[in-house]
Amino acid sequence: MILSYFRSTYSIPILATSVLWVFASRANAIPPAPGPVPGGAEPGADLRLFLDHEKFSYFGEIIGLNESDDRKFRELTLGAYYRLTHALKVGAFYGRAYGLRHDEDWINDGAGNWGWQNSNSRGEDFAIADVTPVGALDFLPGKNWVGEFKTRYLYDFFNGQQSLDLRPSLRYFWLKNDEPFMNFFFQLEGLFPLNYGATTLCEKWIYFGALYHARTGLDVGGFTATEWQTWSSPQAYTNQGGVPYTVTAQTWIIGALAVFQFDI
Amino acid sequence: VPPWRNILMAMRRSARVMSEPTAGLQFFRECIRKPRSSGVARIFESVAGSGFGMLFLMKSSRARLLLVFILIFGALPDIAEGAQGKIAYSKGLVTVDAKPVALGQVVNEGQAVKTGEASIALVRLDDGSMLKLNANSELILDPGGVRLQSGGVFSEVQKKKTTHFYVRTKSVTMGVRGTRFFTAYGKEGKNGPDVWMCVEDGQVAVETPGNTKSVVVNPGEGIFVPSGKDVTPPKPYGWTKGLNWNMDPAKGDIVDHTSLKSQYHDLTDQNYD
């Protein structure tokens, strides 16, 4: 009887207190750092279009890559290059990208659970300025070498993040009867944060690929790339007492590439 | 060519006939055998040449007076731009008006110099300018310059004070005053062949028939005239680095191995990224 009375009188407040305590304790717990991000091989595709008119080269590109942790990166870039000199071109582009993961995407869902936000459907707009010196490296064995050093400044309108993208590349042209038959390229790429992150280099790539000159104005081929992405602890995480971290994910991408180039 | 110019040229050539007996003899033979081209001017040329030659042989005082007059007249530079040259070097199959050439053979205005496969020819013009005709090429000597009919030609033009030397192609005309440049046809398009040109030394002004404004090409630069289109802006082209500018066989190989096909593929001009 006494027990029954006790239950009916105090059970509801006790239960409520317990739930609040659980929530409060979870909310106040030290947030966990993300675990290793699974890597693996993923498919990709890249379609580029150049429309050349005198010193201008209008450019459009669509990229689709799957990345580690079930991320689906999609990007559209539109703009133009202008050939300042034979050895230097500059460009300005607009980009819209989906599936980018930022440091701030390590979030608390409000219920005390931390995890990576799915950004596959989140669109982000970019302004891109490009300076690319290019030159023949005909002193190398085989002569038909071209070197390029792509330097890009990126401004992400989504979060105000600014980055510097450096991409040196080396391309060898295989000519048959003085006509391009194939070309092989090797590229390194590094993305350097300018106003965010705890690391100097947040993304690096190594590319190797080949293009077959199918016909005038069309090259088709493929590439393979290894990508390392590094994220560091966001402000919201450290504010809650999280131990600063950096976590790196590696993805191996095998992709198809097509380049259209026409004079207009 | 205006009639007065032909007359001046005839007089100038007559002077040449008298001052260079060997060349003159050949010229006489050519005139007698076959006029180089039809027209009253040619006949006049032959008659004038023969006439003055005879006067010279007569050694009369009147003839001598005429000779002096003609020699002075003929020596005046750039008055009558009659293009005349000599074959300074030939290798392989080289013809003038479809007949095989001999070293030192005179090439007159209107005559076509043609090279075959793996052949080359050097033509020295009256004013000292030198032309190097690549294999599978043809050019015609014109007043004030040459007309490139096919293939490619290197031009080393002596400086002129008053006039330009011209290289005419089917789509553009290049005018120069003392320079070294290379002109060549490229691929055949719907509206005729493409034209390529690059400058090693001096300046070249390029004109297309529809444009009154000429494009000036500086040393180290080249231009491309796509079939039926305007001249592209001058810029350095990678393919020009391999051109063989040597025109002196004594100084080494004069054959140029640059393929015209490769001119379509300036590797640094390819956009991939």
Side-chain angles (χ1 to χ4, degrees), chain A residues 46 48-55 57-59 61 81 83-89 91 130 132-138 143-150 152 167 169 171-173 175-181 183 185 187 189 207 209 211 213 216-217 219 221 257-263, chain B residues 134-136 151-152 184-191 194-199 206 208 211 213 215 217-244 256-273:
Chain A
D46 191 340
R48 296 171 189 160
L49 171 67
F50 292 90
L51 297 174
D52 298 335
H53 178 69
E54 296 182 350
K55 289 189 173 184
S57 192
Y58 303 101
F59 174 70
E61 181 179 37
Y81 285 105
R83 202 110 186 177
L84 270 182
T85 71
H86 185 248
L88 183 67
K89 56 184 183 179
D130 182 299
T132 304
V134 56
L137 305 175
D138 47 13
K143 286 192 175 181
N144 303 326
W145 292 91
V146 172
E148 197 174 78
F149 201 110
K150 192 166 288 298
R152 281 187 165 177
R167 190 163 63 195
S169 74
R171 189 178 297 270
Y172 176 74
F173 289 85
L175 306 181
K176 267 192 172 181
N177 297 323
D178 293 314
E179 301 274 353
F181 176 65
N183 72 74
F185 60 90
Q187 295 176 329
E189 183 175 18
Y207 300 86
L211 279 167
H213 187 70
T216 302
D219 290 80
L257 175 62
V259 182
F260 292 88
Q261 184 174 333
F262 301 107
D263 287 323
Chain B
N134 273 354
N136 298 316
Y185 284 108
K187 283 185 177 174
E188 188 72 34
K190 287 177 184 172
N191 301 303
D194 301 339
V195 174
W196 294 84
M197 191 277 290
C198 71
V199 180
V206 183
T208 48
N211 282 345
K213 195 177 170 186
V215 175
V217 188
N218 292 307
E221 292 181 336
I223 51 112
F224 173 49
V225 190
S227 172
K229 292 185 179 176
D230 264 347
V231 181
T232 59
K235 65 174 185 178
Y237 282 100
W239 61 265
T240 62
K241 290 178 185 172
L243 290 171
N244 182 357
D256 176 59
H257 298 283
T258 306
S259 166
L260 297 178
K261 282 183 187 173
S262 70
Q263 298 181 13
Y264 285 84
H265 308 295
D266 182 349
L267 300 179
T268 60
D269 230 7
Q270 308 290 310
N271 286 317
Y272 287 106
D273 211 354

A.B. asks: Would you give the length of the straight line joining atom NZ of A:K55 to atom NZ of B:K235, rounded to the nearest 0.5 angstrom?
C.D. replies: 9.0 Å
A.B. asks: For A:L211, which atoms come within 4.5 Å of any heavy atom of chain B: side chain, backbone, both, or neither?
C.D. replies: side chain
A.B. asks: What are the two closest heavy atoms between A:F50 and B:D273, and how far apart are they?
C.D. replies: CZ-N, 3.7 Å
A.B. asks: Taking A:R48, A:R83, A:H86, A:E54 one by one, which has the highest count of heavy-atom pairs under 4.5 Å against chain B?
C.D. replies: A:H86
A.B. asks: What is the minimum heavy-atom distance between A:S57 and B:N271, and which atoms define it?
C.D. replies: OG-ND2, 3.0 Å
A.B. asks: Restricting to side-chain contact (heavy atoms from CB on, under 4.5 Å), what partner residues turn up for A:D263, sequence neighbours left out?
C.D. replies: A:D52
A.B. asks: Side chains of B:Q270 and A:N183: do they bring a donor and an acceptor to under 3.5 Å?
C.D. replies: no
A.B. asks: Starting at CD of A:E148, measure out to OG1 of B:T268 and round the result to the nearest 0.5 Å.
C.D. replies: 10.0 Å
A.B. asks: Distance check, rounded to the nearest 0.5 Å: B:D269 atom CG versus A:K89 atom NZ?
C.D. replies: 9.0 Å
A.B. asks: Under the rule for side-chain contact (heavy atoms from CB on, under 4.5 Å), what residues qualify as partners of B:T240, not counting sequence neighbours?
C.D. replies: B:C198, B:Y237, B:L243
A.B. asks: Nearest 0.5 Å, what's the CG-CG distance between B:L267 and A:L175?
C.D. replies: 6.0 Å
A.B. asks: Between A:Y81 and chain B, which part of the residue has a heavy atom less than 4.5 Å away: side chain, backbone, both or neither?
C.D. replies: side chain
